[in-house]
Amino acid sequence: MFHPASRKATRAIGIVELTANSLSYRHHAFDIDNFLTAEEKKLPLFADFHAYLKEVFDQSNNLLLSQHLLKEAAKDLPEAAVIYESSAY
């Protein structure tokens, strides 16, 4: 959450746990400024940390989706199988 008066953003992480029978979510908030040096606080990354996290999430999500689509396509197309095998971690 952004607090305009303080010009600080409260950082938070959420942990999702999935099992066959349940879903749980835990929210942990923290003030990242307590963990950064003066030099780190000047880095563009921490100026808009939420935008950075969104970008990381979007890139990771796109990679996973691409790998899933290639894996499915590899079942029917030999060309896709070669691409999937070379991109799999």
Side-chain angles (χ1 to χ4, degrees):
M1 171 181 268
F2 184 70
H3 301 282
S6 67
R7 302 290 301 159
K8 284 188 173 183
T10 301
R11 312 300 200 240
I13 59 169
I15 300 171
V16 177
E17 293 183 33
L18 299 170
T19 68
N21 301 317
S22 68
L23 165 71
S24 68
Y25 175 81
R26 289 180 286 155
H27 179 265
H28 300 280
F30 60 95
D31 183 354
I32 197 168
D33 290 340
N34 295 334
F35 301 95
L36 300 175
T37 65
E39 289 301 313
E40 288 172 327
K41 289 177 186 178
K42 295 176 186 176
L43 295 173
L45 161 69
F46 296 111
D48 193 351
F49 196 63
H50 293 286
Y52 166 75
L53 290 179
K54 181 184 180 311
E55 181 67 24
V56 169
F57 175 82
D58 288 345
Q59 289 177 2
S60 298
N61 194 44
N62 288 339
L63 178 61
L64 289 171
L65 179 60
S66 297
Q67 288 177 338
H68 174 73
L69 292 173
L70 283 171
K71 182 178 179 181
E72 290 302 310
K75 294 177 182 176
D76 299 321
L77 301 169
E79 299 86 4
V82 171
I83 295 169
Y84 172 72
E85 289 169 3
S86 67
S87 69
Y89 293 14

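Other residues, nucleotides and ligands place no more than 12 heavy atoms under 6.0 Å from the CZ atom of Phe57.
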Would you sort out whether Leu64 and His68 count as a side-chain contact (heavy atoms from CB on, under 4.5 Å), showing the intermediate values?
CA-CA 6 Å; Leu64 289 171; His68 174 73; over 6 Å; no
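Taken from CG in Leu43 to OG1 in Thr37, the straight-line distance is 7.5 Å, to the nearest 0.5 Å.
Put simply, Ile13 and Leu45 are part of the same group of oily side chains (I, L, V, M, F, W, Y) that touch within less than 4.5 Å, one to the next. Cluster membership for Tyr25 and Leu53, using ILVMFWY side-chain heavy atoms within less than 4.5 angstrom, is not shared. If you chain together hydrophobic residues whose side chains sit under 4.5 Å apart, Val56 and Phe35 fall into the same group.
Nearest heavy-atom pair, Lys41 versus Asp33, reported as atom, atom and distance to 0.1 Å: CE-O, 3.3 Å.
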